[in-house]
Amino acid sequence: MNILDLGARPEDDADLRVRKRATVGTILVTIVAAAAYLGFGLSVDRPGLWVFAVLQIAIQTGLLVYLARTARLAPVAWVVLVT
């Protein structure tokens, strides 16, 4: 199983699988960006930056877990758009 196929189900149509893959890819890129912010925040001693980065990593990781367990894309997409 590919990490991008997280949340995909055999009964999903092709369009839904593509949308889920795109959402998972967006979440993974956001986690990488937040990790970079975390490193930067720690290096310049800015607690606000690293707190934001840690929260962002936690939220995005929670979204991946939620998508993997429920396969429901709509709530995940809304949170990705808001955060």
Side-chain angles (χ1 to χ4, degrees):
M1 180 175 170
N2 188 352
I3 186 81
L4 291 176
D5 291 330
L6 203 65
R9 299 292 188 259
E11 64 271 6
D12 292 343
D13 63 355
D15 181 57
L16 182 57
R17 278 195 300 269
V18 168
R19 287 186 283 142
K20 285 181 179 181
R21 287 175 64 91
T23 303
V24 170
T26 302
I27 291 171
L28 292 174
V29 168
T30 304
I31 290 172
V32 170
Y37 271 114
L38 178 61
F40 179 72
L42 290 172
S43 69
V44 296
D45 195 30
R46 296 286 190 168
L49 278 178
W50 61 262
V51 167
F52 171 76
V54 167
L55 288 174
Q56 191 72 297
I57 291 169
I59 290 169
Q60 300 300 330
T61 303
L63 286 174
L64 288 177
V65 170
Y66 179 81
L67 183 62
R69 289 180 181 230
T70 66
R72 295 183 60 215
L73 181 62
V76 173
W78 276 107
V79 175
V80 167
L81 288 173
V82 171
T83 57

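Given the structure is predicted, the values throughout are model-derived calculations rather than measurements.
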message: Using side-chain contact (heavy atoms from CB on, under 4.5 Å), reason through Y66 and R72 one step at a time and then give a plain yes or no.
response: CA-CA 8 Å; Y66 179 81; R72 295 183 60 215; 3.0 Å; yes

List, one per line, each side-chain donor-acceptor pair under 3.5 Å for residues 75-83, sequence neighbours excluded.
from	atom 1	to	atom 2	distance (Å)
T83	OG1	Q60	NE2	3.1
T83	OG1	V79	O	2.9

Of all pairs that satisfy side chain to side chain donor-acceptor pair (under 3.5 Å), the ones with a partner from residues 16-26, not counting sequence neighbours: D5-R21, D12-K20, D15-R19

task: Can you sort out the partners of V65 under side chain to side chain contact (heavy atoms under 4.5 Å, CB included), two or more places apart, ordered by chain and number?
output: R69

- request: Using side chain to side chain contact (heavy atoms under 4.5 Å, CB included) as the criterion, list what pairs up with L42, not counting sequence neighbours.
  value: L38, W50

Closest heavy-atom pair and its distance - A53, A34: CB-O, 3.2 Å

message: For L64 versus L28, what's the shortest heavy-atom pair and its separation?
response: CD1-CD2, 3.9 Å

- request: Mind jotting down which residue pairs meet the side chain to side chain donor-acceptor pair (under 3.5 Å) criterion with at least one end in residues 27-45? Sequence neighbours excluded, please.
  value: none

Hydrophobic cluster partners of L16 (side-chain heavy atoms under 4.5 Å): L73

- request: Output the rest of the hydrophobic cluster of F52: all Ile, Leu, Val, Met, Phe, Trp and Tyr residues reachable through side-chain heavy-atom contacts under 4.5 Å, sorted by chain and number.
  value: none

query: What distance do I59 atom CD1 and I27 atom CD1 have between them, rounded to the nearest 0.5 Å?
result: 11.5 Å

- prompt: Is there a path from L49 to I57 through hydrophobic residues (I, L, V, M, F, W, Y) whose side chains come within less than 4.5 Å of each other?
  reply: no

task: Report yes or no: do V32 and V29 belong to one cluster of Ile/Leu/Val/Met/Phe/Trp/Tyr joined by side chain heavy-atom distances under 4.5 Å?
output: no

